[in-house]
There are 2 protein chains.
Amino acid sequence: MPARIDPEERRQQVIEAAFRLVVAEGIEGVSLRKVADESGLNIGSVRHYFDGHHDLLTAAAEEAGARMGRRLAAHAAEGLRGLTGEAALDALQALVEAVMPVDEPRRDEAIVVVELIMASRTMPVFRAMSARMAADLAAVLREALDFLDVPDVDLAAAQLAAVIGGLTLDTVTPHGDLSVERMRAVLRAHLRMLLAKACPG
Amino acid sequence: MPARIDPEERRQQVIEAAFRLVVAEGIEGVSLRKVADESGLNIGSVRHYFDGHHDLLTAAAEEAGARMGRRLAAHAAEGLRGLTGEAALDALQALVEAVMPVDEPRRDEAIVVVELIMASRTMPVFRAMSARMAADLAAVLREALDFLDVPDVDLAAAQLAAVIGGLTLDTVTPHGDLSVERMRAVLRAHLRMLLAKACPG
DNA sequence: AACTATTTATCACAGGTGTGATAGTTTGGA
DNA sequence: TCCAAACTATCACACCTGTGATAAATAGTT
C-alpha cells in the first residue's frame, strides 16, 4: 500500500493552512477550496484527509486547543512555588504571557483561539473545545496563584482570566488597538494588584 | 410624494432584524435575504432603504455604537463625584453594568458589540466604529475613576476595560460560560481592588 | 510485470450570496 | 382624475459554497 507521505503530516499541513486563513479572514474564511489553495493541495486531497468541512474544523479546533495546552504546560506553575516580590511578579507574568499575543506566533495563535471562542457561540462544533480551553487556563491560573499564596484563589483566577481575555481582544482587534508594550504594562499592573494581597499576609 | 411611512423608521426596523440575526448566527449570518425575511420585508424594500449590503452593515454598526454611547451617557459619571466606600462601589458597578450582559437586552447588545469588535479585525467597515467604542468606554471609565480619586487613572481604566471585555466574552460564549451572578461577583471583586487604592490615600 | 490501495484530480449539482435591472403597486398632491 | 414619486416585488446573472460521484495517477507489494 502506497504511503509515501505520512497522512498525519498532511493533515497538519492542511490545518496549518486553515489557521493562516483564520488569521487573515476569520473562521468564515475557512472554505475547503481556499484551504486547498493555501496548503498547495487539490481540494480532492483535502477531502481525502478530512471527512468534509465539519471534520476539518473539528480537527483544527482540536489542534488549537492542544497547542494552547502545550503552552500552558511548558510554563508550568511548579516553578512559582514560594516565590515573592518581583521574582513572583516576573514568573507569573511570564506564565500568563505564554498565552498572550506578545509576539507574532503567539499573536496568531491567540487570534485563532479568540476566533474559535467567538465562533463557539453559534457553532456547536466549537463548544466543547471552547469550554475546555477556559477550564485549562483557569486550572493553571488557580494553581499558580495558590503557589504564590494569593488569597481567594478562585476569584483572583477568574479576574485574571478576564483580564487575559480582554487584553487579548483589544490587542488583536482595532478595538483599543493596544500595543504589546501597553498590554504588558496593564497586565503587570493587574498582577501587581493581585500579588499585593499575598505579600504582607 | 407618497411617504406613508417614515423611512427612518423602516431603516430601524431593518437594523433591528439585522441585530437579531447577529445574535442568532453571528455577523456572517446577516445577508440581505435573511434580513428581509427577519424584518418581514421584501429584499427589494431592504435594498431600497439601504444602498446594498455594505451600507446596511455600516448603518447597523453606527446604530450599535450610538446605543452603547447612550447607555454610557445615561449612567453618566457625574454622580460618582466624591463617593466613597460601598456607595462608591455600588455606583461604579452600576455604571459598568450599563454596558455588560446582565439582562437580556444588554446581553443582546453586548453580543452585537463583541461580534462587531471581532469582525473589525478583518472587515474594514467596522474599524472606525470599533475604535470609537473603545475610546468612548475608556473616556467614561477614566472620568469615573478620577471622580473616585483612584490613582493612576489611565492604567486603572485600562485594567477595568480589559476586565469588562474579558467578562463579557466569557459570559456570551461557552468559553467559561459565566453566569450573570458569577460575572457580577468577579467584576465587584475587581472594582473593590481598584477602589482599595483610593480609599486610604 | 501485475495488482492494489492510496492519493490526486475533475465534474456536476443544489443551494446561497450581492447586485444590476426592471416591472408592478401604492399613495399623496395637482 | 391623473401623474409622478416612493415603495414593493421579481428576474437574472455571476460567483462561491459543500458534497456526491467518478476517473486518473502514483507507488509499494507480491
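Here is the naming used below: chain letters follow the sequence lines, and residue numbers restart at 1 for every chain.
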### Task
For A/Arg127, enumerate each residue passing the side-chain hydrogen bond (donor to acceptor under 3.5 Å, both in side chains) test, keeping only those at least two apart in sequence or located in another chain.
none
### Query
Looking across every strand, which nucleic acid part, if any, lies under 4.0 Å from A/Gly52 by heavy atom: base, sugar-phosphate, or nothing?
sugar-phosphate
### Query
Once you round it to whole Å, what is the distance between C1' of C/dT7 and CD of A/Glu9?
15 Å
#### Entry: Protein-nucleotide distance (A/Asp6, atom CG; D/dG28, atom P), rounded to Å
14 Å
### Query
Roughly, in whole Å, what's the span from CZ in A/Phe50 to C1' in D/dT19?
17 Å
### Task
Taking side-chain hydrogen bond (donor to acceptor under 3.5 Å, both in side chains) as the test, write out the residues that go with A/Glu62, two or more places apart.
none
Show me the donor-acceptor pairs, under 3.5 Å and distance only, between side chains in residues 133-147 of chain A and residues at least two apart or in other chains.
unit_1	atom_1	unit_2	atom_2	d
A/Asp136	OD2	A/Arg132	NH1	2.9

List the atom pairs, with distances to 0.1 Å, where a side-chain N or O of residues 41-54 of chain A and a protein N or O form a donor-acceptor pair under 3.5 Å, not counting sequence neighbours.
unit_1	atom_1	unit_2	atom_2	d
A/Asn42	OD1	A/Gly44	N	2.6
A/His53	NE2	A/Val30	O	2.8

### Query
Atom CZ of B/Arg11 to atom C1' of D/dC7: distance rounded to whole Å?
15 Å
### Query
Can you tell which of D/dT8, C/dT7, C/dG18 lies closest to the side chain of A/Tyr49?
C/dT7
### Query
For D/dC7, does OP1 or OP2 lie under 4.0 Å from any side-chain N or O of B/Ser45?
no
### Summary
Of the listed C/dG20, C/dT7, D/dC7, the closest approach to the B/His48 side chain comes from D/dC7
Can I get a per-line list of side-chain donor-acceptor pairs under 3.5 Å for residues 152-159 of chain A, giving both atom names and the distance, sequence neighbours left out?
none

### Query
Are A/Glu86 and A/Arg188 ion-paired here, with the side-chain N under 4.0 Å from a carboxylate O?
yes
### Residues in contact with DNA chain D, drawn from residues 33-43 of chain A - heavy-atom cutoff 4.0 Å
A/Arg33, A/Lys34, A/Ile43
### Task
Using whole Å, report how far CD of B/Glu8 lies from C1' of D/dA6.
16 Å
### Query
Which whole-number value in Å describes the distance from A/Leu32 CG to C/dA9 C1'?
15 Å
### Message
Given C/dT8, C/dT19, D/dT17, identify the nucleotide with an atom nearest to the side chain of B/Arg47.
### Response
C/dT19
